[in-house]
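See below for the structure under consideration.
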Amino acid sequence: MIITFPRKRPSRSSTSESGIRERSSPREQSGRFHKSSITRLLACLATALAVTAGLFVVQTPAASAADITTDLGITSGGDVVAGGGRAFIAGDDQLLVVNANGTRNAGVSLPGIQSLAITPDGTRLYVALRDLNEIMELDTATLDTTREISLAEYPCPTNLALSGRWLWVGYGCDQWDGGVVGLDTSFGHLSRPIQVTATYASPKVAAAGNTLVIGDSGLSPATLTVYDVIRSRATLRGIIDGHDYHTGLLGDLAITPDGSTIIAAFPDSAEYFAWDTTNLQKVRAYGPDPSSGYYSPVVAVSADGTNVAGGRGTKSGLVVTLYDSATTTPVYTGTLPDHGASMDLQSLTFSGNDLFAVWKDLATHHLHLWRLETGTLPASTLTLTAPSTGAGADILTLTGRLTLPDGSAPGEQPIAVTCHVNDSPGTTFEVTTAEDGTFTFKDQPRSAGLIRYDVIWNGSPTVHWSTASATVTLVKAVSSITLSGPETGIVGTQLTFSGVLSMGGQPVRSSTKLRVLREVTNSKGTVVTALPPASSITPDGRFRFRDTPAEAGEYSYRVEFDGDRAGLPTTATLDVTVEEAPQE
């Protein structure tokens, strides 16, 4: 059975040739709440994968692995979050999606997209739309909009932080008009913003448990303000004064999952500072960073709180270091040399025990996604087997297996499959393994050429993700048409013809075009006329057409198939003698 996935109805968005779904303004849309019942079907854009050099380990050895960097094709933005092994990136009025192996999927056009926040289970994504003054909630499987929350009274939402049911928004268009509001996401699309405080500019926000931290990024030294979140109120707990620590401008802000510790990065410091959120005292520092230069530092904390990651651009490239959060011991360091071009880190996030980092090439201004494999998890193995050759109309059967490092049965696990046809945008769908890790799926690419299948298992909290590929070379199927109908006819009496288009015994698309030509020869000469195309083409290739002769003569009906990406062209002809109606 062929695995097929229904296409999404073009309700809020449509897909352009570039693979980016264009979305109309919410002001032009009639609905405020939208659900999708379809499975994921995203077109994939071809990307170039480059293996980075210079990977090294500091102190505690970590397993070495080839990291992946992907040119995102955008020049602005750069906020990144991860869920389900995929990265979601905001930039150039687009939300981009990149799979574990660096393959970029189709995205969604969203005007003024800024910051992102994702739920712990990776099913819901919150997007700050600066130009529309609103927060949008998306289903990460389909990228459909599930909720839109207006922030008309709090313009230019720029930074987001999610903790439990509370989404905290740092907003502000210019100096002296910033602030923070909270949104209770459990109230659905009727959620009303609750203002927390005003700030100099749009502030950084971080939240976990009942702790909210606000960092005013427009002031130097930066001041961190800590709040208790109780029910529907944020109450001031205290202030960490930047003058006491000579912090300078705030580069980035993070918080441990239990809300106990704040970690902040500052451009003029080689260390990442940590403060206790209860007594507001500095408790430790991560680093100093072994690099020279302190450009655009970013920081992130793992979902279990055991690791802190800090990164920055340097004079020789990018450096990201993973620290044990309790001991501050470096356990992994990854580098990406600049090769003669300045590089600037934009954002950093954990994906399980690995990391996604977005960086900018300051020469081309292009943003890139860098996936760092920290080597802190044991590796899984994924295999994929496909037929080596076939015809373009063939139904292909592919098999594979997911194997865990300890040899145990993985149980039912989702495997993402992406089909690339001749390096053009392809299709992504999902299959599920059997209990023993094996899986089988069928596909009909409907095209000749080189067909590549990429499969990805996104890993688990205890086992590293894995990927595999297989290619199939397909040639065009030999097509044929059989045509049947009457051999004689009467002027003015309708003739009915039927036939079958065969494409190597494989199903035929209902959209297949069959041209019908009628050639009439009599005492007046020969005239060729194009009739309406054959209709009602069924999966087994059956079709029919009708014609009513207007004059006597020798008729020749010709059905032509021009061929397509899967099959070769073919024709069939049927001759009919048409006579005048007998005189009564």
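Start at 1 with the first residue, then count along the sequence. Everything numeric in this text was worked out from a predicted model, so none of it was measured.
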Hey, is the main chain of [Y] close enough, under 3.5 Å, to the side chain of [X] for a donor-acceptor pair?
X: T140; Y: G122; value: yes
X: T145; Y: R147; value: no
X: D394; Y: L396; value: no
X: T397; Y: K442; value: no
X: T335; Y: L318; value: no
X: S302; Y: T306; value: yes
X: D92; Y: Q94; value: no
X: T70; Y: L72; value: no
X: R509; Y: P539; value: no
X: T146; Y: E137; value: yes

I need the [X] [atom1] to [Y] [atom2] distance, nearest 0.5 Å.
X: D93; Y: Q114; atom1: CG; atom2: CD; answer: 9.0 Å
X: M136; Y: L110; atom1: CE; atom2: CG; answer: 5.5 Å
X: R312; Y: D252; atom1: CZ; atom2: CG; answer: 10.5 Å
X: Y332; Y: D354; atom1: OH; atom2: CG; answer: 8.0 Å
X: L162; Y: T185; atom1: CG; atom2: OG1; answer: 6.5 Å
X: T428; Y: H420; atom1: OG1; atom2: NE2; answer: 6.5 Å

Grab the two heavy atoms, one from [X] and one from [Y], that are nearest each other, plus how far apart they are.
X: S447; Y: V421; result: OG-CG1, 3.5 Å
X: T119; Y: T123; result: OG1-N, 3.3 Å
X: S479; Y: L568; result: OG-O, 2.9 Å
X: W465; Y: W457; result: CB-O, 3.1 Å
X: A357; Y: L345; result: CB-CD2, 3.8 Å
X: A82; Y: F350; result: CB-O, 3.5 Å

Less than 4.5 Å apart, side chain to side chain, heavy atoms only: is that true for [X] and [Y]?
X: P414; Y: T433; result: no
X: T538; Y: F543; result: no
X: S380; Y: T403; result: no
X: L138; Y: R124; result: no
X: R446; Y: M503; result: yes
X: T570; Y: L501; result: yes
X: D443; Y: Y453; result: yes
X: P330; Y: L322; result: no

Aromatic ring centroids of F441 and F429 under 6.0 Å?
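Between F429 and F441, which both carry aromatic rings, the centre distance is below 6.0 Å.
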Go through it in stages, so that I can follow the logic: the residues are V81 and L125, the test is side-chain contact (heavy atoms from CB on, under 4.5 Å), and I'd like the CA-CA distance, side-chain angles, deciding distance and then a yes or no.
CA-CA 9 Å; V81 295; L125 182 70; 3.6 Å; yes
Partners of [X] by side chain to side chain donor-acceptor pair (under 3.5 Å), sequence neighbours excluded?
X: R130; value: none
X: T473; value: none
X: T385; value: none

Ignoring hydrogens and geometry beyond distance, is a side-chain donor-acceptor pair present between [X] and [Y] at under 3.5 Å?
X: S115; Y: D79; value: yes
X: S469; Y: D454; value: yes
X: S484; Y: S498; value: yes
X: D361; Y: H366; value: no

Parallel, tilted or perpendicular for H368 and W359, by the 30°/60° rule?
parallel
Salt-bridged, R558 to E560, with N to O below 4.0 Å?
yes
For K513, is there an ion pair with D562 - N to carboxylate O distance below 4.0 angstrom?
no
